[in-house]
Amino acid sequence: MEVTTVVRRESPRIVRMSVRGELDATNADLLRAAFEAAIADGHARLEADLADVTFCSLAGLTVLLGARRALGDRLVVLAAPPGVRRLLSVLHMPGALGDAQ
């Protein structure tokens, strides 16, 4: 998995993280650390672009849900792949990541 971060410094400060590859137990901590760094930097909004995620395990979903819990509506999930939406549906949590566009 690879996480690319782009920070827009205008007000409000927004950070967009593009996640690429497989998101699973072997690398979920990398995404968690990226989210924690963005939260610590005080960004007004965090966008998680998952368009290039090819697989997401429960460990990856746990990181996304933890970030959503910490940030609320300040976390926007973009291009959630079908696998992520399916996991949420199976867990009876279809709106847990917001609109998960």
Side-chain angles (χ1 to χ4, degrees):
M1 180 202 63
E2 176 184 332
V3 178
T4 304
T5 303
V6 176
V7 177
R8 292 187 287 190
R9 299 274 179 203
E10 71 269 5
S11 184
R13 288 178 36 168
I14 298 171
V15 62
R16 176 174 284 187
M17 294 182 180
S18 298
V19 184
R20 177 176 302 135
E22 294 186 355
L23 177 55
D24 57 28
T26 65
N27 56 28
D29 285 340
L30 296 173
L31 184 59
R32 180 180 289 111
F35 282 152
E36 288 172 354
I39 292 167
D41 284 344
H43 293 288
R45 177 176 158 139
L46 190 143
E47 298 173 344
D49 184 348
L50 307 181
D52 294 323
V53 170
T54 57
F55 173 78
C56 182
S57 73
L58 190 55
L61 184 61
T62 299
V63 170
L64 293 169
L65 291 171
R68 178 67 178 185
R69 192 176 321 109
L71 293 167
D73 290 340
R74 295 182 333 175
L75 172 67
V76 177
V77 176
L78 304 171
V84 170
R85 292 192 301 268
R86 176 75 177 130
L87 270 174
L88 289 171
S89 176
V90 166
L91 295 171
H92 303 288
M93 303 172 67
L97 292 176
D99 292 337
Q101 307 169 12

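Since this is a predicted model, take the numbers as computed values, not measurements.
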To check you understand the geometry: which heavy-atom pair defines the closest contact between [X] and [Y], and what is its length?
X	Y	value
Leu88	Ala96	CD2-CB, 4.0 Å
Val3	Ala34	CG1-CB, 4.3 Å
Ala59	Ala28	O-CB, 3.9 Å

Are [X] and [Y] side-chain neighbours, meaning at least one heavy-atom pair lies under 4.5 Å?
X	Y	result
Met93	Leu65	yes
Arg74	Leu46	no
Phe35	Leu71	no
Leu64	Leu75	no
Leu50	Val77	yes
Val19	Asp52	no

Inter-residue atom distance [X].[atom1] - [Y].[atom2], 0.5 Å rounding:
X	Y	atom1	atom2	result
Arg86	Leu61	CZ	CG	13.0 Å
Asp24	Leu31	CG	CG	11.5 Å
Arg13	Arg45	CZ	CZ	15.0 Å
Ile14	His43	CD1	NE2	10.5 Å
Leu23	Ser57	CG	OG	6.0 Å
Glu36	Asp41	CD	CG	12.0 Å

- Check the pair Leu58 / Leu91 against side-chain contact (heavy atoms from CB on, under 4.5 Å), numbers first and verdict last. CA-CA 10 Å; Leu58 190 55; Leu91 295 171; 4.0 Å; yes

- Evaluate the criterion salt bridge (Lys or Arg N to Asp or Glu O under 4.0 Å) for residue pair Asp49 and Arg20; output intermediate values, then yes/no. CA-CA 9 Å; Asp49 184 348; Arg20 177 176 302 135; over 6 Å; no

